[in-house]
Amino acid sequence: MCCFVAALFVAVNGQTQTPCGPVPTVNQLRWQEMEMYAFIHYSMNTYTDEEWGYGNEKLELFNPSDLDCRQWARVCKQAGMKGIIFTAKHHCGFCMWPSKYTEYSVKNTPWKQGKGDVVRELADACREEGLKFAVYLSPWDRNHKDYGRSEYVTYFRNQLRELLTNYGDIFEVWFDGANGGDGWYGGANETRTIDRTTYYEWPETYRMIHELQPQCLIWNDGGDRGDLRWVGTEAGNVGETNWSLLNNVGEVTWTMLHYGLEDGDSWVPGETNTSIRPGWFYHSTEDEHVKSLSKLMDTYYKSVGRNSCLLLNFPIMPNGRIHPNDSLRGVAFYKMIQDVFATDLAQKAKKKTQGLETIITFNEPTAFNRFLAEEDIRYGQRVKKFALEAEVDGRWIALKDELVKEGDGLTTIGHRRIICFPTIKATKLRFTILDAKCEPIIKRISIYLAPELTADIPDSGEKCSSNLHYFFSSPKQMMIDWEQEQTITSFHYLPPQNSKAGMVTHYTLWASSDWQQWTKLASGEFSNIVNNPIWQTIKFAPTKAKILRLDADRLADGDRMAFGDIEVIIE
């Protein structure tokens with residue numbers, strides 16, 4: 001490590017630096033500076049109360065009474081978002097713009113007598129509010145008759161061309177990895193499979209994107225490397241070790257997605273995507289389950305504070321607006337970020353750097369609980385491990401990241417690293433780089449005292465059954481019973497949280513009062529449950545019952561159903 005001694009702040013002092021390994025493009029640097037931007041999920045699913053549409057939803061369903069894209073843009077801006085990515089087309093195939101290549105779009109709905117264009121209205125609203133605009137276009141299309149054939153790829157590119165040429169500058173194009181399965185497919189009602197590594201012919205599509213939108217970044221979970229990567233979860237966190245690197249070719253494992261690859265040959269930073277509610281689309285049952293302020297701050301520290309950008313989803317209600325609970329919580333979230341980072345205590349302290357060690361000395365014992373560091377990533381990501389210590393009463397005390405379950409978590413910095421620890425009152429703080437790939441270039445060190453969180457809005461008191469008696473009558477069948485007949489309105493299933501084994505993806509729910517006569521309450525799929533293992537809700541008409549039977553029609557993995565928790569909602 002002795003060879004690093006003279007270089008800690010070289011780039012900041014204006015001296016020329018040689019890149020260390022892969023470095024970001026100008027577009028990737030611009031993206032990293034955004035730090036937070038919004039997802040907007042809105043489609044036919046909003047009106048069918050589903051997460052994934054099947055592709056046969058009636059066009060008459062889309063007729064919002066008060067659609068206001070300017071309200072969306074204002075809310076997102078007030079929540080600290082620097083841009084918006086919009087679901088122009090989700091898996092159901094319904095297009096939120098009047099695409100000339102399909103009849104399954106807003107042009108054939110009652111809304112504005114078929115003259116409306118949600119993509120246009122949102123693009124204009126973003127620019128009025130000074131926000132960047134981007135689009136999500138689902139590669140999978142459960143409506144289109146040619147999905148799975150080469151003709152569909154041409155259709156897909158034609159739609160993408162419309163979006164990239166008619167709506168101004170696009171900062172990102174978002175393609176997810178849900179590809180193939182059952183669908184309506186123009187009335188075929190069948191399951192279709194594709195080879196996700198070859199079917200879409202991504203290199204040609206990428207060339208078209210770069211030609212039409214030179215400053216646009218590509219997010220792709222479909223097997224081909226884009227400019228940005230998924231972090232392996234939709235829970236709102238990236239690894240405490242987070243390299244902005246991957247290999248350009250070869251298999252990508254979950255570990256690589258979540259932690260990056262220290263010796264990767266390409267700059268592919270992680271984008272952390274999550275929703276402000278349990279689901280991605282609006283469901284009225286989640287109105288009182290908007291993520292708490294403490295959870296959102298935890299997400300911020302585990303995304304932006306771990307060398308990532310945060311993509312936070314705001315779903316749209318059936319009336320065409322963001323729910324007040326979501327907007328209020330989003331604004332409170334940004335206010336808390338501003339409060340936490342309002343005063344940099346290091347600015348008025350003495351800073352001395354010698355070799356790989358920087359000591360910050362306060363004028364008097366000072367309370368703090370947040371540490372922030374940034375590398376100048378123009379020259380690559382370099383720091384592998386560092387240490388933090390505080391001097392209290394003449395004794396150095398090691399500080400650890402309280403958000404990391406094991407170890408101290410003081411690995412990698414990148415664009416920004418935030419370390420959270422219990423409030424300590426100290427006279428000095430010592431930051432020491434313990435290991436690096438080559439000369440570290442630290443451009444910022446800051447210290448803060450985060451205020452206590454204000455009380456969150458409490459959840460509403462839904463009456464849930466407690467102490468449920470359940471047993472498995474077979475490896476794929478669960479029986480739930482209680483002492484007396486009651487009127488039930490919904491069933492909630494929480495999948496296993498640490499494994500796909502036993503996770504129910506497709507189900508049938510039955511009810512009975514005598515163990516003899518069974519009434520089918522509902523059947524279907526828990527859409528996206530593998531990537532987003534949150535509470536799933538099965539709703540049905542109020543039904544008197546004493547027993548429920550849950551059949552696991554299909555599992556994500558394994559041959560025995562499992563769960564993290566279950567609830568029965570009583571009228």
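Excluded from the calculations below are hydrogen atoms, water molecules and symmetry mates; all remaining heavy atoms, backbone and side chain alike, are included. Note that the numbering runs from 1 along the sequence shown for the chain.
In this structure, Thr87 contributes its side chain and His90 its backbone to no donor-acceptor pair below 3.5 Å. Distance alone, capped at 3.5 Å, is enough to place a donor-acceptor pair between the Asn242 side chain and the Arg306 backbone. Thr274 places a side-chain N or O within 3.5 Å of a backbone atom of Glu234 that can act as its donor or acceptor partner. Proximity of a side-chain donor or acceptor of Arg370 to a complementary backbone N or O of Cys420 within less than 3.5 Å is not detected. Checking side-chain atoms of Lys302 against main-chain N and O of Gly236 turns up no donor-acceptor pair under 3.5 Å. Gln78 places no side-chain N or O within donor-acceptor distance of the main-chain N or O of Val75, the cut-off being under 3.5 Å. A donor-acceptor pair is defined here as one N or O able to donate and one able to accept, closer than 3.5 Å; such a pair exists between the side chain of Arg382 and the backbone of Tyr379. The backbone N or O of Glu129 lies less than 3.5 Å from a partner atom in the side chain of Lys77, making a donor-acceptor pair.
Between Trp280 atom CH2 and Asn45 atom CG the span is 13.5 Å, to the nearest 0.5 Å. Between the CG atom of Asn313 and the CD1 atom of Ile316 there is a distance of 8.5 Å, given to the nearest 0.5 Å.
Inspection of the Ser294 and Ser292 side chains reveals an N or O donor paired with an N or O acceptor under 3.5 Å. No hydrogens or angles considered: a donor-acceptor pair under 3.5 Å links the side chains of Trp174 and Glu271.
The one candidate from Glu374, Glu33, Glu375 that meets the salt bridge (charged side-chain N to carboxylate O under 4.0 Å, His left out) condition with Arg416 is Glu374. Paired with Val290 under the rule side chain to side chain contact (heavy atoms under 4.5 Å, CB included), one option of Ile276, Leu328, Leu296 passes, and it is Ile276. Across His289, Glu51, Arg277, Lys539, a single residue satisfies side-chain hydrogen bond (donor to acceptor under 3.5 Å, both in side chains) together with His283, and that is Glu51.
For an aromatic pair to be called close, the ring centres must be under 6.0 Å apart, and Phe86 with Phe133 fails this. For Trp254 and Trp230, the ring centers sit 6.0 Å or farther from each other. Ring to ring, Tyr42 and Phe62 are close: their centroids are under 6.0 angstrom apart. Taking the six-membered ring wherever Trp is involved, the centroid distance between the rings of Phe431 and Phe371 falls below 6.0 Å. Taking the six-membered ring for Trp and the full ring otherwise, the centers of Tyr37 and Phe171 sit less than 6.0 Å from each other.
No more than 12 heavy atoms of other residues, nucleotides or ligands sit less than 6.0 Å from atom NZ of Lys400.
Legend: ring-ring contact (aromatic ring centres under 6.0 Å, His included) pairs involving residues 299-347, not counting sequence neighbours, sorted by first then second residue: Phe341-Tyr448.
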Worked check of side-chain hydrogen bond (donor to acceptor under 3.5 Å, both in side chains) between Thr411 and Thr241: CA-CA 5 Å; Thr411 60; Thr241 297; 2.4 Å; yes
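Shown here are the salt bridge (Lys or Arg N to Asp or Glu O under 4.0 Å) partners of Glu57, two or more places apart in sequence or in another chain: there are none.
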